[in-house]
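Report on the structure given below.
Computed from heavy atoms alone, side chains included, the values below leave out hydrogens, waters and symmetry copies. Note on naming: letters A, B, ... go to the chains in the order of the sequence lines (proteins, then strands), and numbering restarts at 1 for each one. Since the structure is predicted, the reported quantities are computational estimates derived from the model, not experimental observations.
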There are 2 protein chains.
Amino acid sequence: MAETGSARPATAGAFDRLEVALDRASPIPLYYQLAQHLESAIERGALAPGDLLGNEVDIAARLGLSRPTVRQAIQSLVDKGLMVRRRGIGTQVVHSQVRRSLELSSLYDDLAAAGQSPATRVLRNEIQSASAEVAAALGIPEGRDVIVLERLRTTHGEPVAHLCNHLPASLIQADTGRLRETGLYRVLRAAGITLHSAQQTVGARSATDREAELLDEPAGAALLTMRRTAYDDHGRAVEYGTHVYRASRYTFDFQLLVRP
Amino acid sequence: MAETGSARPATAGAFDRLEVALDRASPIPLYYQLAQHLESAIERGALAPGDLLGNEVDIAARLGLSRPTVRQAIQSLVDKGLMVRRRGIGTQVVHSQVRRSLELSSLYDDLAAAGQSPATRVLRNEIQSASAEVAAALGIPEGRDVIVLERLRTTHGEPVAHLCNHLPASLIQADTGRLRETGLYRVLRAAGITLHSAQQTVGARSATDREAELLDEPAGAALLTMRRTAYDDHGRAVEYGTHVYRASRYTFDFQLLVRP
DNA sequence: CAGTGGTCTAGACCACGTT
DNA sequence: ACGTGGTCTAGACCACTGA
């Protein structure tokens, strides 16, 4: 009965304006294709902040998808903080511009993405037996062999950070040459180690004399510190790092989402 | 045909050992009830790290739920980093103990949860016109009225942080008495403002003379700084804060998850 | 090969917020 | 009252993993 026909100007959502072409032959899941389309539409402004997307049933019908599939796509954007759902209202693009949230990428990637042309000086790359602190952080017996990496990260010739990492020696062979050109996490990834999570602690303290010299800061300058243990898929600790950053040249930016 | 009867020792998952009682009359969603059961089982050790949960179809059958509902429950735990799914293997409890990740709670809640019995001294609570910096952070016109809050947070009589917040004056009436006893975010919540997300920047710098005196630190001590803009459901900026923490008494802990 | 999670369908009813 | 998202069902087929 309630056949609305072709005209439906009533509660048209912003989704109408989009041209979404799904490829059912692609190995990429449909919900993921849709999510990518929506995200890129937001990025290029085709979906503006505050826009109502339009209801899920219509979108599903228009795309020839089932509603759960459409929901899965939208939900992934909600989880990213790009959209907000409201019962009785609809789904809208979030008003505030969302900055990229902190990911589990290496500092190298962070800097490269920011166009900072990072470089690395490897100060130390050797095998030692694990101290009590390192053993506890990595969850291995004290005295077990670990790779100790000490590096100085610079951008445009200026030092940014002093990085000290410990890895179980059984994991990889740390190639100093490769570590000069890229980040530790890329080396791990290339070795088939997929990171899963990391526990980080960020703090501050005054620079030691050696740190001040390495980082080209005055004695006793305030530095930003970060201690991190990274875990792989199996929950095994893969890396323990204690890093020190020049506070004048580096901060941690991240976005928090309230879990509903 | 393939009636296995009561004996099924073959690939029994750890889920068998759990007693999960769902309340279909409850307004709490079934997937959420199941997720809570599983999470508490992990917390009290009934599900140990590395345990295979058992396949989703069986669990669904045992509980009288559909598989998507069971999946939704498990997925929420995967999103929290408590479990890992592997195709062809199953779902297991993550090996490493997962610490609580940083949430969008107030410093007051953080300290209270840690049993630190926080207290607050309100140094300033007045209305001013927004400076360019504050106006830009809050997304309002320069010169618009804003509430300026300056507070000193202490635990056990020792200063921990110096907090400076700016809020659009139209939002709430900031009651100094309530701010002494609780955190700003609780006051906001009580005023019907639901926070949605926040953008934070963490850094470090040396203490000014006034900060050193307020925080009982030596002159020029290294301090941890945090700048935050918080947004509500509609994406409107609700609060802009510039906080300074004693590095000797406070750090930021958080967990990062790799999004798959 | 058998078993697992990953994806998808086509519906249904309910709770909530607006009107 | 109505429209929205929130939840749930009962299946289906596929892709990956391990033996």
Atom-to-atom span, CZ of Arg71(B) to P of dA12(D) - whole angstrom = 17 Å

The correct set of residues in residues 20-29 of chain A placing a heavy atom under 4.0 Å from DNA chain C is Arg24(A), Pro29(A)

For atom CG of Leu52(B) and atom P of dG3(C), their distance in whole Å | 15 Å

Side-chain N or O of Asn55(A) less than 4.0 angstrom from OP1 or OP2 on dG3(D)?
-> no

Do Arg86(B) and Gln92(B) have side-chain N/O donor and acceptor atoms under 3.5 Å apart?
-> yes

Between Arg85(B) and Val70(A), which is nearer to the 5' end of DNA chain C once each is assigned its nearest nucleotide?
-> Arg85(B)

Euclidean distance, atom CG of residue Asp79(B) to atom P of dG6(C) [Å, nearest integer] | 11 Å

Side-chain-base donor-acceptor pair under 3.5 Å for Arg87(B) and dG18(D) | no

Is the Phe252(B)-Phe252(A) ring centre distance short of 6.0 angstrom?
-> no

Check the side chains of Tyr185(A) and Glu239(A) for a donor-acceptor pair under 3.5 angstrom, ignoring hydrogens and angles.
-> yes

Rounded distance in Å - CG (Leu65(A)) to P (dA12(D)) | 21 Å

Rounded to the nearest angstrom, tell me the gap between atom CD in Gln33(A) and atom P in dT7(C).
-> 12 Å

Have a look at Arg86(A) and say if it touches a base, only the backbone sugar-phosphate, or nothing, with a 4.0 Å heavy-atom cut-off.
-> sugar-phosphate

Do any side-chain nitrogens or oxygens of Thr69(B) fall under 4.0 Å of OP1 or OP2 in dT9(D)?
-> yes

Could you pick out which residue, Pro68(A) or Gly90(B), lies toward the 5' side of DNA chain C when each is mapped onto its nearest nucleotide?
-> Gly90(B)

Distance in angstrom units between Gln72(B) CD and dT9(D) P, rounded = 10 Å

When Val70(A), Leu47(A), Val93(A) are each screened for side chain to side chain contact (heavy atoms under 4.5 Å, CB included) with Leu53(A), the one that passes is Leu47(A)

Per-helix bend value, the helix from dC1(C)-dG18(D) to dT18(C)-dA1(D), C1' rotation axes over five pairs per end, 10° rounding, shows 20°

Residues Arg17(A) and Asp51(A) bridged, charged N to O under 4.0 Å | yes

Is it true that Glu39(B) and Arg44(B) have a side-chain N and a carboxylate O under 4.0 angstrom from each other?
-> no

Does a salt bridge link Arg227(A) with Asp253(B), judged by any charged N lying under 4.0 Å from a carboxylate O?
-> no

How far apart are the closest heavy atoms of Thr229(B) and Ala137(B), and which atoms are they?
-> CG2-O, 3.5 Å

Nearest heavy-atom neighbours spanning Leu30(B) and Asp23(B) | CD2-O, 4.3 Å

5' priority, DNA chain D, between Ser66(B) and Gly88(B) [closest heavy atom] | Ser66(B)

note: Tyr31(B), atom OH; dG6(D), atom P; distance rounded to Å ~ 9 Å

Would you please say whether a donor-acceptor pair under 3.5 Å links the side chains of Asn125(B) and Arg151(B)?
-> no

Rounded distance in Å - CG (Leu63(A)) to P (dT9(C)) = 10 Å

